Amino acid sequence: MLTLLVIAKEPLPGRVKTRLTPPYTPREAAALAEAALTDTLRAVLAAPAARRVLVLDGRPGSWLPAGFEILPQVPGGLDERLAAAFSSCAGPALLIGMDTPQVTGALLAAAGAAVVRGPRTAVFGPAADGGFWALGLSEPEGALVRGVRMSRADTGRVQLGRLLAAGLSVHELPVLRDVDTAADAVSVATEAPHTLFAHTLTSAVPSPG
């Protein structure tokens with residue numbers, strides 16, 4: 001029975017997507033973050049799962065659809081928060097972030113099917129910036145994530161190495177681009193023009209300079 005986890009931050013101005021400012025204002029950056037999160041949650045709802053859990057830093061808002069459990073993020077670095085999210089699951093789990101609004105329910109369904117295929121299995125979704133956008137474990141073990149230094153150019157390589165060193169059979173997913181910078185935002189919106197994220201980006205007016 002698969003658990004789909006989304007780790008996210010409440011989309012408040014000045015707290016999310018700060019690297020989009022400039023050219024966007026903090027309010028515009030927060031609107032883009034909310035749109036990305038909304039697209040992500042919709043994709044998760046479209047994929048088969050026994051549980052859908054939002055691992056949240058902050059409070060849920062009107063953007064949260066029905067069908068999700070809420071799990072507060074624990075204190076500490078991102079590796080500790082990811083480890084705790086996995087440790088909350090009793091069976092196979094697939095975790096993604098809120099930074100890939102181009103993700104689809106079909107892609108998550110395929111990833112979830114790979115996670116539950118057999119024991120000692122992992123699913124790994126590399127990100128274009130060297131990190132990873134998805135991580136699935138047939139037998140969730142926080143130790144497989146804890147201690148991996150996040151938000152670095154080698155994060156994905158180190159995490160993948162951790163999985164292989166543990167003797168897991170790793171199924172790799174397509175490379176996706178995280179939305180971190182304005183250039184990322186334009187690229188992702190172009191790739192997925194029918195998303196709420198793309199619509200919100202076209203409505204945002206970059207600030208001068």
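Note that the structure is predicted; figures quoted are calculated from it, not measured.
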Please report the shortest heavy-atom distance between G105 and A47, naming the atom on each side. O-CB, 3.7 Å
Hey, quick one: are L196 and V16 part of the same hydrophobic cluster, counting side-chain heavy atoms closer than 4.5 Å, chains of contacts allowed? no
When you measure from the side chain of E191 to the backbone of L176, do you find a donor-acceptor pair of N or O atoms at a distance under 3.5 Å? no
If the threshold is 4.0 Å, N to carboxylate O, is there a salt bridge linking D57 and R15? yes
Sidechain N-carboxylate O distance under 4.0 Å for K17, D99: yes
Is there a path of hydrophobic side-chain contacts, each under 4.5 Å between heavy atoms of I/L/V/M/F/W/Y residues, joining V170 to V158? yes
Measure from the side-chain N and O atoms of D39 to the backbone N and O of T195, and report whether any donor-acceptor pair falls under 3.5 Å. no
With hydrophobic residues grouped by side-chain heavy-atom distances under 4.5 Å, do L64 and V6 end up in a single group? yes
S88 vs V53 side-chain heavy atoms within contact, under 4.5 Å: no
Between V116 and P92, which heavy-atom pair has the shortest distance, and what is it? CG1-CB, 3.7 Å
Quick one: OG on S203 to CD on E28, what's the gap to the nearest 0.5 Å? 10.0 Å
About how many Å separate CD of Q159 and CG of D154, when rounded to the nearest 0.5 Å? 11.5 Å
Could you pull out the closest heavy-atom pair between T21 and A29, with the gap in Å? OG1-CB, 3.8 Å
Look at the side chain of R120 and the backbone N and O of A166, then say whether any donor-acceptor pair between them is shorter than 3.5 Å. yes
Look only at the side chain of D178 and the backbone of D180, and say whether a donor-acceptor pair between them is shorter than 3.5 Å. no
Hey, mind stepping through T181 and D184 against side chain to side chain donor-acceptor pair (under 3.5 Å) and telling me if it holds? CA-CA 5 Å; T181 67; D184 293 331; 3.1 Å; yes
Looking only at atom types and distance, does a side-chain atom of S87 sit under 3.5 Å from a main-chain N or O of A85, one as donor and one as acceptor? no
Only residue of V179, L37, T200 satisfying side chain to side chain contact (heavy atoms under 4.5 Å, CB included) with P101 is V179
So, taking the atom named CZ in F124 and the one named CG in L168, what distance separates them when rounded to the nearest 0.5 Å? 12.5 Å
Co-membership, hydrophobic cluster, residues L4 and M98, 4.5 Å side-chain: yes
Please identify each residue that fulfils side chain to side chain contact (heavy atoms under 4.5 Å, CB included) with A93, with sequence neighbours left out. T3, L5, F86, C89, P140
For the backbone of T155 and the side chain of R149, can you confirm whether one donor and one acceptor N or O come within less than 3.5 Å of each other? no
Donor-acceptor contact present, side-chain T190 to main-chain V186, <3.5 Å: yes
Could you measure the distance from the OG atom of S62 to the CD atom of E34? Nearest 0.5 Å is fine. 6.0 Å
Does L2 share a hydrophobic cluster with L95, counting links as ILVMFWY side-chain heavy atoms below 4.5 Å and allowing steps through other members? no
Backbone N or O of A128 within a donor-acceptor pair of the W133 side chain at under 3.5 Å? no
As a quick check of understanding, evaluate side chain to side chain contact (heavy atoms under 4.5 Å, CB included) for L201 and Y24, giving each step before the final call. CA-CA 10 Å; L201 185 72; Y24 302 101; 3.3 Å; yes
Quick one: list whatever passes salt bridge (charged side-chain N to carboxylate O under 4.0 Å, His left out) with E80, sequence neighbours left out. R146
Taking R52 for the side chain and V44 for the main chain, is one N or O donor matched with an acceptor at less than 3.5 Å? yes
Drop me the distance from L160's CG to R162's CZ, to the nearest 0.5 angstrom. 12.0 Å
What distance do I7 atom CD1 and L56 atom CG have between them, rounded to the nearest 0.5 Å? 9.5 Å
Of all heavy-atom pairs between T18 and G14, which one has the smallest distance, and what is that distance? CG2-O, 3.7 Å
Heavy-atom pair of closest approach, residues A66 and L45: O-CD2, 3.8 Å
Please check: side-chain N/O of Q73 versus main-chain N/O of L82, any donor-acceptor pairing under 3.5 Å? no
CZ (R177) with more than 12 external heavy atoms under 6.0 Å: no
Using the salt bridge (charged side-chain N to carboxylate O under 4.0 Å, His left out) criterion, which residues pair with E172? Sequence neighbours excluded. none
Of the non-hydrogen atoms in G112 and L94, which two are nearest, and what is the gap between them? N-CD2, 4.0 Å
As a quick check of understanding, evaluate side chain to side chain contact (heavy atoms under 4.5 Å, CB included) for V188 and T100, giving each step before the final call. CA-CA 8 Å; V188 168; T100 50; over 6 Å; no
